[in-house]
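A short write-up of the structure that comes next.
Every chain is numbered from 1, with letters handed out A, B, ... down the list of sequences. Since the structure is predicted, the reported quantities are computational estimates derived from the model, not experimental observations.
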4 protein chains.
Amino acid sequence: MTTKTERTARAHSSADIEPAARGRKRDHSRDADILDAALDVLAEVGAAGITMDLVAERAGAGKATIYRRWTSKAELVIDAVAHIERMQVDIEHLPDTGTLRGDLLALFRPEAMEASTRRLKIMSALASLLSADQALAEAGSAVIVKPWADAHFALMQRAVTRGEVSARADITTLSQVVPSMAAYRTLVQRKPFTLEFLLSMIDGVIMPALRICGARQPKKSDRSQT
Amino acid sequence: MTTKTERTARAHSSADIEPAARGRKRDHSRDADILDAALDVLAEVGAAGITMDLVAERAGAGKATIYRRWTSKAELVIDAVAHIERMQVDIEHLPDTGTLRGDLLALFRPEAMEASTRRLKIMSALASLLSADQALAEAGSAVIVKPWADAHFALMQRAVTRGEVSARADITTLSQVVPSMAAYRTLVQRKPFTLEFLLSMIDGVIMPALRICGARQPKKSDRSQT
Amino acid sequence: MTTKTERTARAHSSADIEPAARGRKRDHSRDADILDAALDVLAEVGAAGITMDLVAERAGAGKATIYRRWTSKAELVIDAVAHIERMQVDIEHLPDTGTLRGDLLALFRPEAMEASTRRLKIMSALASLLSADQALAEAGSAVIVKPWADAHFALMQRAVTRGEVSARADITTLSQVVPSMAAYRTLVQRKPFTLEFLLSMIDGVIMPALRICGARQPKKSDRSQT
Amino acid sequence: MTTKTERTARAHSSADIEPAARGRKRDHSRDADILDAALDVLAEVGAAGITMDLVAERAGAGKATIYRRWTSKAELVIDAVAHIERMQVDIEHLPDTGTLRGDLLALFRPEAMEASTRRLKIMSALASLLSADQALAEAGSAVIVKPWADAHFALMQRAVTRGEVSARADITTLSQVVPSMAAYRTLVQRKPFTLEFLLSMIDGVIMPALRICGARQPKKSDRSQT
DNA sequence: GCCTAACCGAGACGGTACGTCCGGTCTTTTT
DNA sequence: AAAAAGACCGGACGTACCGTCTCGGTTAGGC
């Protein structure tokens with residue numbers, strides 16, 4: 001997800017020469033201000049209550065300035081969520097605990113993932129806006145799920161390389177299971193994403209499917225939440 | 001999800017006696033007309049475009065008539081979607097092909113599930129409304145996912161009973177994987193739910209996790225039934 | 001100036017039969033509330049400051065309700081002004097002092113005409129809105145000038161009848177002089193309409209033009225204001 | 001009405017010395033371009049539609065350049081109208097036909113006054129802007145009415161001098177009648193200022209009020225000069 | 001068979017957010 | 001330093017839609 005002008009620029013062939021760009025430059029430092037304001041508002045009034053006027057007021061911006069950069073409220077909110085999502089999975093510095101199970105659990109950072117009201121409210125706002133059109137839906141869910149699925153894939157790939165997992169395992173599909181289920185739980189069901197849920201997914205689905213026998217057997221306590 | 005009066009009635013203690021219901025009786029044959037109209041409108045204008053006025057006009061009903069039966073647009077849409085969902089999984093007559101894999105595939109009915117624009121539009125409308133409040137989110141996703149997850153659980157239970165699957169498998173968790181992933185794919189990502197997707201889930205995730213070695217890679221013959 | 005539906009109704013031939021008017025009836029008692037609110041707002045914030053939101057809030061009405069009755073802010077304001085103008089000249093009960101000069105002066109009611117801030121603000125608002133389109137301009141100025149010019153014409157006609165004024169006088173033109181000049185002074189120049197101004201018009205223009213020799217000669221004091 | 005700097009300069013005491021004006025000199029040839037552009041736009045989109053952006057674009061100027069010369073849209077429009085009005089009455093070269101009636105008619109130049117759409121649109125724009133504040137209203141109507149009233153006064157004075165008109169006539173008031181009525185007709189009523197209107201004013205009001213018995217009823221020959 | 005309460009379709013109502021437009025200011029690059 | 005271009009803030013515009021209420025009319029019971 002990107003701003004309007006970035007997308008326009010990309011539509012030009014690389015040989016295009018920008019026509020000297022007269023007039024006052026768009027102040028791209030306002031982008032971050034506006035996105036931050038959007039997240040603040042989202043966290044305060046929730047998905048249903050967010051308003052362009054509120055965002056504009058909070059950002060100290062005019063509505064026209066916002067609409068110059070994003071074509072609709074939906075685009076703005078998706079970009080805003082992408083803005084915080086970016087910080088969550090760092091594909092460059094994946095954990096390395098020696099076992100896949102340890103790696104997958106290490107990816108889970110309770111301080112970021114656990115149900116803070118702010119986070120839940122922000123995420124659930126997405127679902128209500130993604131249905132606006134097909135393109136938004138794809139952009140939005142890519143932003144949410146893709147980086148995490150990539151991380152899972154990388155960890156599984158490494159496990160295959162070191163022989164922990166059979167090369168015949170369908171890690172392409174398996175790497176999407178936890179991120180998708182987590183997104184569904186958070187966006188649609190609006191339940192918190194907890195360690196218990198993660199453990200039941202890893203030990204009940206992922207590890208068995210990869211035929212890694214080190215997986216603990218699920219205990220009652222792990223399943224106490226439906 | 002039920003109509004307003006049913007829910008209201010249930011809230012009363014069982015000793016409550018309805019006060020003899022004077023006046024004209026509510027015509028419950030209009031319920032179905034209104035739900036059908038809602039689905040039509042959803043399919044035509046999409047989730048973002050649906051309007052109570054449009055539904056009322058399409059149903060040839062007044063808005064008051066609709067609000068007498070459902071308290072909000074969200075409730076109406078959830079009920080409308082439940083209205084078609086109900087036809088999809090028949091918990092009373094589950095397939096019995098002899099193998100779990102066969103059973104799970106038999107549950108998939110291409111004519112109902114495969115990507116029709118109408119179906120996609122209808123489903124994606126849900127996501128946009130569920131975020132309105134917590135109660136709706138639970139009600140809505142229960143309607144979508146629960147019956148299907150129950151069916152999966154029943155089939156897996158049977159496979160355990162007949163010894164096809166280890167009793168140690170976490171079928172509670174596993175029975176939710178396909179329904180949830182399918183819902184996420186349809187509601188949020190707005191991609192069609194296809195046989196390919198189902199096969200990659202069953203053969204890449206479910207069957208391996210259940211340690212059933214009979215899982216095959218998808219072949220042409222699997223798709224001949226489409 | 002009339003409401004939207006009245007005008008529409010009038011466009012029908014008299015043989016038209018209204019199609020039974022289904023649905024809730026428009027509550028025409030709200031018309032007066034809204035017009036009063038408009039006048040209040042006009043008097044408080046002035047012509048430049050009037051806002052549909054302010055009027056709606058003051059009237060306790062929704063904006064849609066206002067726009068259902070008047071197509072634009074201009075129409076509303078003109079109607080509002082007409083609403084008070086109507087009270088100013090009562091064509092049925094014209095004064096009868098015995099002389100035309102006395103009658104013309106008697107038409108002037110200081111308590112209504114003299115420059116109250118409220119009145120000036122309200123009147124000057126008209127000018128700023130009349131330029132919106134030709135039809136409004138005619139409607140607006142008709143509302144302001146017509147009733148007054150009609151009264152002048154009737155008084156002059158009576159003076160002709162009783163022989164006070166020559167039948168050859170162009171009373172059609174003369175009857176428009178004072179109302180038009182007064183409107184110009186009030187609307188465009190935004191000066192108060194005073195007794196001094198009226199006297200200089202009657203004694204410097206109207207009475208001489210009618211060749212009535214009873215007119216006082218203008219004195220310096222009458223002309224002290226330019 | 002004058003430009004900002006002229007007005008500013010005049011506010012200084014006459015001993016003020018301009019501070020040597022460093023840098024590029026303001027190009028005053030742009031003034032006329034901008035005023036012409038304003039008139040063009042007025043004529044094309046009407047009073048309600050005029051926009052500073054439109055004027056700037058039409059003039060090939062930046063908005064800042066305009067605001068450097070006029071403090072507001074109202075001032076610009078008034079100046080623009082004055083720009084054409086200036087050409088209409090030349091107080092230095094008043095007509096001299098030998099009779100007051102002839103002089104007054106000679107002041108009327110059909111090619112400038114008669115109803116062109118352009119002229120009407122331009123004039124009516126004034127009314128919408130004059131109500132902005134008291135100072136503008138005076139400035140605006142002075143520009144429109146003053147020069148014309150002065151010319152009438154001069155012609156009437158001459159008629160008094162040559163004995164055509166009684167010295168007792170209130171020529172101060174009478175000299176304002178036609179200009180004011182014409183302005184009202186053009187600005188507020190938006191009707192064309194025609195020869196017929198002028199003749200009815202002169203022969204129905206002015207000449208009778210001046211007790212000049214030579215006033216004729218309009219004949220064909222009066223219009224042959226059109 | 002008549003009364004009356006609750007239903008029905010239609011649509012006006014109060015309120016709120018939308019996305020657009022414009023006035024007047026400020027910034028960037030060019031002349 | 002002034003010019004053209006155009007982004008910026010603030011705020012009003014007129015539209016659309018939600019959920020409620022009112023209208024005239026219809027459809028059941030209960031009398």
Side-chain angles (χ1 to χ4, degrees), chain A residues 5 19-28 30 48-54 56-57 59-73, chain B residues 19-28 30 49-54 56-57 59-74, chain C residues 5 20-28 30 48-54 56-57 59-73, chain D residues 21-27 30 49-54 56-57 59-74 76 132:
Chain A
T5 45
R22 311 231 298 157
R24 180 170 171 177
K25 295 287 163 55
R26 185 170 296 175
D27 177 3
H28 279 287
R30 307 298 288 119
I50 191 170
T51 282
M52 290 306 251
D53 290 81
L54 275 176
E57 189 188 16
K63 280 206 290 176
T65 299
I66 300 180
Y67 280 103
R68 214 175 282 123
R69 292 148 199 257
W70 294 275
T71 55
S72 66
K73 188 165 77 162
Chain B
R22 310 226 310 136
R24 178 173 172 179
K25 293 286 162 56
R26 183 171 298 171
D27 175 5
H28 278 288
R30 307 296 287 121
I50 192 171
T51 284
M52 290 306 252
D53 292 81
L54 275 177
E57 188 189 17
K63 280 205 290 175
T65 301
I66 300 181
Y67 279 102
R68 218 174 278 124
R69 292 149 200 256
W70 294 274
T71 56
S72 68
K73 186 167 80 161
Chain C
T5 45
R22 312 229 296 157
R24 179 172 173 176
K25 296 289 160 57
R26 186 171 295 174
D27 177 3
H28 280 287
R30 308 298 288 120
I50 192 171
T51 283
M52 290 306 251
D53 291 82
L54 275 176
E57 189 189 15
K63 280 205 290 176
T65 300
I66 300 181
Y67 279 103
R68 215 176 279 123
R69 291 148 199 257
W70 294 275
T71 56
S72 67
K73 189 167 74 163
Chain D
R22 310 224 307 129
R24 180 171 170 177
K25 293 284 161 51
R26 182 174 298 172
D27 176 4
R30 306 297 288 119
I50 191 171
T51 284
M52 291 305 255
D53 292 81
L54 275 177
E57 188 190 18
K63 282 206 289 176
T65 302
I66 300 181
Y67 278 101
R68 216 174 280 123
R69 291 150 202 255
W70 293 275
T71 56
S72 69
K73 186 168 80 161
L76 170 64

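For the pair A64(B) and D53(A), nearest-nucleotide mapping onto DNA chain F gives the more 5' position to D53(A). Positionally, the nearest nucleotide of DNA chain F for G60(D) lies more toward the 5' end than for the other of G60(A) and G60(D).
Taking 4.0 angstrom as the limit, K73(A) places a side-chain polar atom (N or O) nearer than this to OP1 or OP2 of dC18(E). At dG14(E), one or more side-chain N or O atoms of R30(C) fall inside 4.0 Å of OP1 or OP2 (strictly under the cut-off). R26(A) has no side-chain polar atom (N or O) that falls below the 4.0 Å cut-off from OP1 or OP2 of dT27(E). A sub-4.0 Å separation between OP1 or OP2 of dA12(E) and a side-chain N or O of T65(C) is absent. For dA3(F), the OP1/OP2 oxygens have a side-chain nitrogen or oxygen of R69(D) closer than 4.0 Å. Put simply, R22(C) has no side-chain N or O that comes within less than 4.0 Å of OP1 or OP2 on dA12(E).
Across the protein-nucleic acid pair, I66(A) atom CD1 and dG10(F) atom C1' stand 12 Å apart, rounded to whole Å. Atom OH of Y67(D) and atom C1' of dG6(F) are 14 Å apart (whole Å). When the P atom of dG19(F) is taken as reference, atom CD1 of I50(B) falls 12 Å away, rounded to whole Å. For E57(A) and dC18(E), the CD to P distance is 13 Å, given to the nearest whole Å. Atom CE of M52(A) is separated from atom P of dC9(F) by 13 Å (rounded to the nearest Å). Going from atom CZ of R68(B) over to atom P of dA5(E) covers 16 Å, rounded to whole Å.
Atom CE of M52(C) is separated from atom NZ of K63(C) by 8.0 Å, given to the nearest 0.5 angstrom. For the atom pair NZ (K73(B)) and OH (Y67(B)), the distance works out to 8.0 Å, reported to the nearest 0.5 Å. Between I66(C) atom CD1 and R30(C) atom CZ the span is 9.0 Å, to the nearest 0.5 Å.
With hydrogens and angles ignored, a donor-acceptor pair closer than 3.5 Å exists between the side chain of K63(D) and the base of dG24(E).
Shortest non-hydrogen contact noted between G62(B) and A56(B) is C-CB, 4.3 Å.
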Might you list the N or O atoms of the protein lying below 3.5 Å from N or O atoms in nucleotides 25-27 of chain F, with each pair's distance?
| residue | atom | partner | partner atom | Å |
| --- | --- | --- | --- | --- |
| dT26(F) | O2 | R24(B) | NH1 | 2.8 |
| dT27(F) | O4' | R24(B) | NH1 | 3.4 |

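Residue-level contact check: A56(D) touches neither bases nor backbone, having no heavy atom under 4.0 Å from any strand.
Between D53(C) and E57(C), every side-chain heavy-atom pair lies at or beyond the 4.5 Å cut-off.
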